[in-house]
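Reckoned from all heavy atoms, side chains included, excluding hydrogens, waters and symmetry mates. Below, read A as the first sequence line, B as the second, and so on, with proteins coming before strands; counting in each chain starts at 1.
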Amino acid sequence: METRLEKKLIKRLQAREPKAFDQLVLLFQGQVYNFVFRMLGSTAEAEDLAQEVFISVFKHIDAFRGESSLATWIYRIAANHVKNRRKYHGRRPYDRPLQSASALDPGRSGEGAVLGAGQVSRPDEMVEGLQLERILQEAILALDEEHRMVLVLRDVQNESYDVISEVTGLPLGTVKSRLHRARLALKEALEERTR
Amino acid sequence: MDHERAQSLFMSYHDAELPAREVEALEAHLAQCTECSLAWQGYKAAVEEISGLLKVTPAPDFSKRVQQAIGRRSRGRFFSESSDSGGLGIAIVSVILVLVFALLYLLIATSGEVKVVDPGASSDPKGAASP
């Protein structure tokens with residue numbers, strides 16, 4: 001559902017106001033970037049795809065009818081881009097450059113890399129944290145796309161079941177059963193790797 | 001409650017969406033079943049770990065680069081001129097161009113009139129009187 005502020009922003013976007021586009025990108029870039037990064041496992045891919053997502057948003061803003069919230073609509077576009085990118089890589093040999101977020105540039109904070117959810121002060125804790133981060137990202141990428149999408153939306157992006165259902169086009173029951181299976185698979189993968 | 005039933009309730013239990021009676025039954029089962037208790041601990045830990053993953057953000061100039069990409073792809077036609085200060089600049093340039101063209105037109109028209117009048121009047125004064 002659209003809020004009044006959202007309606008205003010959409011009107012300005014449809015009038016092609018550069019400042020409105022800037023506002024939109026700033027508002028949703030973190031959400032889109034983190035989502036595509038967790039789905040693909042590469043910052044280069046995430047950077048490129050997040051850009052494509054916003055270009056699509058701008059291209060199709062006139063077609064936005066307000067049947068869902070702007071955030072959900074943007075997620076849907078991002079999800080389609082991720083699917084298409086995966087299909088593209090499926091047709092071509094692609095050596096996925098797996099990256100954990102913190103392995104990108106652990107010394108840098110925020111800029112093009114990471115904002116720590118939990119800060120670590122001791123080096124041994126940091127190394128442990130990096131290893132866990134990598135293990136988790138590998139485990140996420142090992143899931144099939146349908147399960148990964150639901151897991152990332154719910155547990156990484158913290159979205160509600162209703163939003164996930166709208167983004168994926170799946171009934172609520174299917175979303176929940178997929179999430180349960182994804183969590184179980186992740187639990188197995190984590191237990192196997194830490195054994 | 002059997003193991004399979006207990007483990008199928010983990011998600012609703014974690015999301016606090018389980019009715020009180022089922023919570024009670026599940027907790028009673030977990031208290032006496034090591035296998036399910038360990039499975040629950042693992043499930044909870046996995047969800048917590050993944051929820052605590054670092055949030056990745058793009059570089060600060062990301063928004064600028066998106067605008068540049070849109071500008072490139074639409075050959076600068078995407079954003080409206082009216083809302084941009086550049087629009088005013090283009091309007092001023094247009095007015096100046098119109099004025100310059102009007103001035104040029106007047107100059108050419110004026111010089112044309114002189115040419116029509118001058119040949120007969122000044123270059124051949126004799127010829128004018130000859131027939």
Would you check if [X] and [Y] make a side-chain contact, meaning some heavy-atom pair closer than 4.5 Å?
X: F10(B); Y: R183(A); answer: no
X: L53(B); Y: I140(A); answer: yes
X: H180(A); Y: Y43(B); answer: yes
X: M11(B); Y: R154(A); answer: no
X: Q29(A); Y: T57(B); answer: no
X: V66(B); Y: F21(A); answer: no

Checklist entry - Are side-chain N/O atoms of D155(A) and S51(B) paired as donor and acceptor at under 3.5 Å? => result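 No donor-acceptor contact under 3.5 Å links the two side chains.
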
Item to check | Where S63(B) and L26(A) come nearest, the two heavy atoms and their spacing | outcome: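 Nearest heavy atoms, S63(B) then L26(A): CB-CD2, 4.4 Å.
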
Spacing of [X] atom [atom1] and [Y] atom [atom2] [to the nearest 0.5 Å]:
X: I70(B); Y: R16(A); atom1: CD1; atom2: CZ; result: 9.5 Å
X: L190(A); Y: I50(B); atom1: CG; atom2: CD1; result: 8.0 Å
X: F62(B); Y: Y33(A); atom1: CZ; atom2: OH; result: 8.0 Å

Next on the checklist: Any side-chain to backbone donor/acceptor pair from K55(B) onto V156(A)? Under 3.5 Å, distance only.
Outcome noted: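 A pair under 3.5 Å: yes.
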
Next on the checklist: Quick check on E17(B) against chain A: is it the side chain, the backbone, both or neither that has a heavy atom closer than 4.5 Å?
Outcome noted: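 Answer is side chain: those atoms of E17(B) sit under 4.5 Å from chain A.
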
Next on the checklist: Need one label for D15(B): side chain, backbone, both or neither, based on atoms under 4.5 Å from any heavy atom in chain A.
Outcome noted: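 The answer is the side chain of D15(B).
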
Item to check | Largest heavy-atom contact set with chain B, pairs under 4.5 Å, which of N34(A), V32(A), V25(A) | outcome: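 Sorted descending by pairs with chain B, the first entry is N34(A).
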
Checklist entry - Which pairs, with at least one residue in residues 29-49 of chain B and sequence neighbours excluded, count as a salt bridge (Lys or Arg N to Asp or Glu O under 4.0 Å)? => result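 Applying salt bridge (Lys or Arg N to Asp or Glu O under 4.0 Å) to every pair that reaches into residues 29-49 of chain B, excluding sequence neighbours, yields nothing.
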
Which region of [X], side chain (C-beta onward) or backbone (N, CA, C, O), has a non-hydrogen atom less than 4.5 Å from a non-hydrogen atom of chain B, or is it both or neither?
X: L24(A); value: neither
X: Q31(A); value: neither
X: F28(A); value: neither

Next on the checklist: Does atom CG (L5(A)) have a neighbourhood of more than 12 heavy atoms from anything else shown, all under 6.0 Å?
Outcome noted: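 No - once you tally the heavy atoms of other residues, nucleotides and ligands closer than 6.0 Å, there are 12 at most.
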
Let me check something: any side-chain donor-acceptor pairs from residues 19-33 of chain B under 3.5 Å, sequence neighbours excluded? List them with distances.
| residue | atom | partner | partner atom | Å |
| --- | --- | --- | --- | --- |
| E22(B) | OE2 | R5(B) | NH2 | 2.3 |
| E27(B) | OE2 | Y13(B) | OH | 2.6 |
| H29(B) | ND1 | M1(B) | O | 3.0 |

Checklist entry - Does one hydrophobic cluster hold both W40(B) and L38(B), with members joined at side-chain heavy-atom distances below 4.5 Å? => result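 Result: no, two separate clusters.
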
Item to check | Verify same cluster id: Y105(B), L97(B) (apolar side-chain graph, 4.5 Å) | outcome: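 No, because Y105(B) and L97(B) fall into different hydrophobic clusters, even though each may have its own neighbours under 4.5 Å.
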
